[in-house]
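The sequence lines fix the lettering, A, B, ..., with proteins before strands; numbering per chain opens at 1.
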Amino acid sequence: VIRRAAALVLLLAAALLVACGGGDDGPSGEPTSEPKGPVIRLGTKNFSEQFILGELYRQALVAKGFRVDLKEDVGSTEIIDAALTIGKLDMYPEYVGVLLSEIAGQKRRPRSAREAYTRAQRFVRSRDQRLLDATPFSNSNALAVKPATARRLGLRSVGDLDDAPGRVEIAAPPEFRTRFEGLLGLRELYGLRNIDVVPTAIGEQYDALDDGLVDVAAVFTTDGQLNAGTYELLDDEKGLFSYQNVAPVVSRKMLDAAPGLADALDAVSAKLTTRAMQAMNAAVDLRGDRPAAVARRFLREHGLV
Amino acid sequence: MLKKEPKWLEAGGSGTVRRTLKRSITARTLVVGIALAALFGAVFLVLVLAIQQQRQAGRLALRSQEAITAGTDLEKSLINMENGLRGYVASGRERLLEPFDAGRRAYPRQVTVLTRLVADEPSQQAAVRRIASDIDDYVALWALPLVQLAGERLPSARSVIATGTGRRRLDALRAQFADLFVRERAVARERELRAEQRSDVAVGIGVAGVALVVLLAIGMWQYLRRAILRPVGVVAGAAEAVAAGDLSVRVPAAREDELGSLARSFNAMTASLERSQAELRRRTAELERSNAELEQYAQMASHDLQAPLATISMYVELLRRRAAESGDEQAAELLGGIHASSGWMRSLIRDLLHLSRVGRGELERETLDTNELLGQVLDNLAGPIRDRGAEIVAGSLPAVQGDGRQLAQVFQNLIGNAIKFSDEEHPHVTVEGVVEGDVVAFLVRDNGIGIDPAQIERIFRPFERLHGEARYEGTGVGLAICRRIVEHHGGEISAEGRPGVGSTFRFTVPRAPGPAAIERPPAPQATMAQ
């Protein structure tokens with residue numbers, strides 16, 4: 001009986017050793033083209049640029065042999081961040097400035113892109129997440145007006161809105177009202193009290209401007225619509241709309257579980273210049289191309305797939 | 001005649017046997033019966049299948065309804081979740097989240113139920129899978145993050161609701177549900193339609209099948225009537241004709257089945273009967289002819305013998321007289337003996353001639369008054385009656401039908417015998433006649449010497465004599481003649497008696513036609529005594 005028990009213990013020990021050895025081998029193993037490992041749940045926010053970014057990251061990861069479940073149009077920063085935090089997503093592309101002001105709630109404006117990134121990284125690390133490399137492009141928030149309106153109201157900068165007669169209606173996504181890089185910042189930083197927000201879906205602010213429903217629209221600086229010169233952006237002289245380079249926020253758990261994930265994503269982010277992003281946005285918003293097709297074209301051109 | 005058939009079969013060989021089998025009524029009846037049974041079975045089977053399919057289609061249609069109900073339940077859970085979520089975010093009160101939690105707990109099971117109910121339609125199953133996946137996303141990527149956000153920053157959560165993301169998700173899901181229901185209703189309609197069609201088909205098959213079976217049954221009955229009952233009727237009619245005596249009938253025998261063989265056997269039978277009847281007739285005629293010839297010979301011989309005998313007798317008598325006149329006593333005595341013997345021989349020949357005459361040729365049948373007949377007989381016998389002092393007693397006798405001369409001969413022989421064979425001083429003879437059905441039985445009773453019962457058969461044979469010639473004269477032909485006459489009349493004759501006591505002769509003769517009133521009681525007795 002004793003001998004049999006000893007044999008059993010030996011056997012168990014051997015099995016344990018083998019299991020540990022296997023675990024050590026995992027991280028050093030090369031990712032193959034065959035889909036394996038955990039399914040990466042990649043979320044995107046609710047506008048075209050995010051759809052393009054989602055497809056860029058997804059296709060690049062799939063090409064590297066990762067398994068990706070792309071969840072498009074999850075919602076605004078607030079909701080997609082909550083989804084990531086409660087573990088329903090593994091990653092999503094976020095704007096560094098939005099992360100700082102809206103998620104971390106930091107009202108102190110960063111003085112440089114680098115400072116913004118460092119502070120954002122510090123914040124997400126506190127939540128067991130990691131910020132991967134940021135893109136070269138920055139898609140800042142901005143306030144756009146039609147040139148005629150600017151002339152009529154004498155608008156050059158954000159601060160000039162204070163002198164506009166009556167109330168100023170700004171077409172913006174609904175969350176603009178509760179964001180610091182939105183109505184809150186305009187009130188606190190610029191002391192504007194005559195601002196009303198007209199909630200519109202993202203992308204439709206331009207229609208609201210064109211139709212004369214509003215005087216001002218909250219836009220993104222990489223919007224394809226801004227290429228044509230039919231709109232003017234108001235100067236943000238107090239730096240409310242800060243550095244909005246994109247960086248994937250990834251849960252640390254997924255980074256550990258999917259080795260090589262960070263490198264694959266960083267390789268894509270590094271190629272995303274402002275020009276490239278604007279061109280892709282224009283292709284989707286103005287020409288009506290599908291985000292997946294636009295992303296595939298870009299990745300091919302840059303040898304990422 | 002039946003033996004002929006196997007030979008015919010052998011000659012035809014196996015091909016004939018097979019053809020006979022194919023054509024035989026047994027085989028045909030069997031084939032039709034089996035076909036009828038098979039058809040009935042097939043109709044029944046098809047009917048059962050059709051009903052089963054109809055039931056299956058009905059079940060599927062019902063399942064579609066159940067799927068729509070289950071889908072509606074699932075959609076309700078979804079709407080409950082969204083309503084709870086909105087109520088919570090709008091008020092900030094966690095109590096209002098209850099519908100959300102309830103919906104979240106309920107929906108996975110509802111998805112399972114729905115998936116099972118649409119399992120028959122792959123496209124619907126895919127749609128349900130899509131819906132389930134979208135609800136999962138709705139919960140994981142919208143509802144739960146929103147609850148989380150609302151717990152931290154309620155205003156932000158409210159602005160997020162205003163972005164319409166949740167509304168869009170919900171609307172997209174509800175559109176999917178609507179689509180699912182529309183398609184499921186179409187499926188249900190299609191299934192109901194199919195069920196109705198199946199049902200119509202089942203009813204049609206049932207009606208057509210029953211009609212077909214009934215038609216076939218009628219056809220079979222007609223066939224049996226035509227193929228069996230009619231030919232059998234023809235044969236039966238022919239058999240009746242044969243029974244009535246017409247052996248020339250034949251029935252058509254062209255068929256090659258059992259009825260054909262019956263007809264052939266029948267025809268063979270009648271032909272055989274006809275042949276044997278003809279043969280019988282021929283033999284009878286031949287026999288009658290040879291009989292007649294024989295009797296003619298006998299008659300001619302007796303007749304022709306009589307004349308030389310009469311001549312011999314006459315010459316012998318002449319010789320005897322001369323011898324007696326010349327005094328040659330011895331020669332006269334010898335010649336007297338020759339004369340007596342030739343006389344005896346003449347009476348033998350006469351009786352033989354008589355015997356051969358009676359019982360030949362057609363009888364003259366006429367109604368006879370037997371009393372009158374008996375009167376004539378007694379007149380004829382008046383000599384012996386007077387000589388012997390005999391007493392003849394006769395009652396009233398029933399009328400008969402027959403040949404008067406011959407029947408008078410019978411009475412005369414019997415009564416004559418009764419008087420002759422008696423040693424009494426006064427022989428006593430009674431004659432009675434009794435109607436017995438269609439005949440009249442006559443009894444002639446005497447108190448004579450009687451008969452030894454062991455000898456009774458002998459007395460009716462010709463030329464048989466029980467007693468010596470010397471004691472009672474006669475050739476011994478009388479009773480043989482009586483028997484011939486009675487039998488020729490279709491009656492019979494018998495005798496009984498005891499030696500020394502007397503004898504009784506009984507014979508029957510056909511009764512005279514007409515009412516039995518002719519029969520008269522024998523009470524009043526006519527006594528004839530001379």
Side-chain angles (χ1 to χ4, degrees), chain A residues 39 41-47 50-51 54 69-92 98-99 101-105 127 171-184 187 197-205 218 249 251, chain B residues 78 81-82 84-92 94 97 100-101 103-105 107-108 126 129-176:
Chain A
V39 175
R41 291 165 300 173
L42 165 57
T44 66
K45 300 209 255 179
N46 50 346
F47 48 93
Q50 282 278 321
F51 302 156
D69 181 11
L70 178 59
K71 302 286 190 186
E72 281 190 329
D73 198 14
V74 172
S76 60
T77 293
E78 291 84 352
I79 202 80
I80 200 169
D81 172 64
L84 179 69
T85 309
I86 64 175
K88 299 297 181 189
L89 285 176
D90 299 310
M91 62 167 288
Y92 77 92
V98 174
L99 186 67
S101 55
E102 311 312 328
I103 300 173
R127 301 199 307 179
E175 61 268 26
F176 190 84
R177 220 191 317 236
T178 56
R179 285 191 176 177
F180 187 76
E181 282 200 24
L183 189 59
L184 303 183
R187 282 177 184 162
V197 174
V198 177
T200 43
I202 293 171
E204 287 176 10
Q205 316 93 304
V249 192
S251 72
Chain B
L78 181 67
M81 282 195 274
E82 178 70 5
L85 205 57
R86 283 171 180 273
Y88 168 59
V89 171
S91 67
E94 288 202 17
L97 261 184
F100 170 77
D101 288 332
R104 200 181 148 208
R105 275 195 304 274
Y107 91 85
R129 265 202 304 277
R130 243 185 343 268
I131 286 176
S133 152
D134 283 0
I135 294 178
D136 287 343
D137 279 358
Y138 165 84
V139 171
L141 300 178
W142 169 252
L144 292 178
L146 190 61
V147 169
Q148 172 79 14
L149 183 63
E152 292 167 0
R153 286 171 290 156
L154 203 52
S156 289
R158 285 173 189 154
S159 74
V160 164
I161 281 199
T163 60
T165 303
R167 173 60 62 194
R168 262 203 314 283
R169 281 187 186 278
L170 201 69
D171 287 348
L173 267 166
R174 295 191 70 170
Q176 286 188 53

Which portion of B:Arg158 sits near chain A, non-hydrogen atoms under 4.5 angstrom: neither
Interatomic distance, B:Ser156 atom OG to A:Glu78 atom CD [nearest 0.5 angstrom]: 5.0 Å
Determine the minimum heavy-atom distance between A:Pro174 and B:Ser159, stating which atoms define it. CB-O, 3.5 Å
Once rounded to the nearest 0.5 Å, what's the spacing between atom OG1 of B:Thr163 and atom CG of A:Asn46? 6.0 Å
Hey, are the side chains of B:Gln148 and A:Asp81 touching, using non-hydrogen atoms and a 4.5 Å cut-off? no
Rounded to the nearest 0.5 Å, what separation is found between the OG atom of A:Ser76 and the CD1 atom of B:Ile161? 11.0 Å
Nearest heavy atoms of A:Glu72 and B:Arg169, plus distance in Å: O-NH2, 4.5 Å
Taking the side chain as everything from C-beta on, heavy atoms only, tell me whether B:Arg168 gets closer than 4.5 Å to A:Asp73. yes
Side chains of B:Leu146 and A:Ile79 in contact at under 4.5 Å (non-hydrogen atoms): yes
Qualifying residue for side-chain contact (heavy atoms from CB on, under 4.5 Å) with A:Lys88, from B:Leu144, B:Asp137, B:Val139: B:Leu144
Is B:Thr165 in contact with chain A via its backbone, its side chain, both, or neither, using a 4.5 Å heavy-atom distance? side chain
Identify the two heavy atoms, one from B:Arg153 and one from A:Glu102, that lie closest to each other, and give their separation to 0.1 Å. NH1-O, 2.8 Å
Heavy atoms of other groups near B:Glu152 CD, more than 12 under 6.0 Å: yes
Quick one: are B:Pro145 and A:Ile86 in side-chain contact, heavy atoms under 4.5 Å? yes
